[in-house]
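Only this structure's heavy atoms are used, side chains among them; waters, hydrogens and symmetry mates stay out. Throughout, residue positions are numbered sequentially from 1 according to the sequence presented.
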Amino acid sequence: MPALACLRRLCRHVSPQAVLFLLFIFCLFSVFISAYYLYGWKRGLEPSADAPEPDCGDPPPVAPSRLLPLKPVQAATPSRTDPLVLVFVESLYSQLGQEVVAILESSRFKYRTEIAPGKGDMPTLTDKGRGRFALIIYENILKYVNLDAWNRELLDKYC
């Protein structure tokens with residue numbers, strides 16, 4: 001019991017500033033310890049600096065993936081769509097539409113902005129049997145859901 005009484009007396013005399021200082025010291029100490037264990041020891045998977053250089057005359061070691069026969073690479077088929085993004089927006093000044101356009105511009109995608117069609121004013125999706133758009137983005141999914149049956153079926157077949 002005397003140890004418990006000493007501990008209570010010590011806790012009463014410690015100021016909040018001292019507690020915060022001790023907490024700060026503990027956090028700083030834990031950061032240094034974790035940094036030492038994360039970056040201080042040499043990792044087994046990384047090449048060490050004192051390892052000898054391999055002789056250029058030796059063949060490189062064969063990885064297990066290289067034991068399998070290589071498949072011939074086929075030439076890429078030409079795309080049936082142009083690398084163009086069609087963005088359907090509520091209005092030309094809508095906030096979300098402008099954000100989508102800003103993302104496309106920052107990623108250097110070519111894009112075309114259209115006001116979301118209501119009835120019958122869907123832009124032409126193909127040109128001479130080739131698709132004009134690689135991606136179609138609707139700002140508001142409800143505009144897509146509420147499309148008339150003809151335009152929605154046309155868009156579904158295109159996609």
For this session: Would you give the length of the straight line joining atom CZ of R152 to atom CE of M122, rounded to the nearest 0.5 angstrom?
Result: 11.0 Å
Exercise. When you look at OH of Y144, are more than 12 heavy atoms from neighbouring residues, nucleotides or ligands closer to it than 6.0 Å?
Worked result: yes
For this session: Find out if a path of hydrophobic residues (ILVMFWY) with successive side-chain heavy-atom gaps under 4.5 Å connects I25 to L20.
Result: no
For this session: Say whether L23 and F29 are linked into one hydrophobic cluster, either directly or through other cluster members, by side-chain heavy-atom distances under 4.5 angstrom.
Result: no
Exercise. How many angstroms lie between atom CG of L142 and atom CG of L147, to the nearest 0.5 angstrom?
Worked result: 11.0 Å
Problem set entry | Distance (rounded to the nearest 0.5 Å) between L104 CG and L135 CG | 7.5 Å
Problem set entry | Spacing of CD belonging to E114 relative to CD1 belonging to I136, to within rounding of 0.5 Å | 11.0 Å
Problem set entry | Atom pair CG (L155) and CG (L125), whose distance is rounded to the nearest 0.5 Å | 6.5 Å
Seminar exercise, completed: Rounding to 0.5 Å, atoms CZ (F133) and OH (Y158) come to a distance of 6.5 Å
Exercise. Quick check: does any side chain N or O of R132 sit under 3.5 Å from a backbone N or O of T124, one acting as donor and the other as acceptor?
Worked result: yes
For this session: Taking the side chain as every heavy atom from C-beta outward, state whether F88 and P123 have any pair of such atoms under 4.5 Å apart.
Result: yes
Exercise. Of the non-hydrogen atoms in S94 and V89, which two are nearest, and what is the gap between them?
Worked result: OG-CB, 4.3 Å
Problem set entry | Shortest non-hydrogen contact between K110 and P83, atoms and distance | CB-O, 3.8 Å
Exercise. Looking at S91 and E139, what are the two nearest heavy atoms and their distance?
Worked result: N-OE1, 4.5 Å
Exercise. Can you hop from F21 to F32 via hydrophobic side chains spaced under 4.5 Å?
Worked result: yes
Exercise. With hydrophobic residues grouped by side-chain heavy-atom distances under 4.5 Å, do I103 and Y93 end up in a single group?
Worked result: no
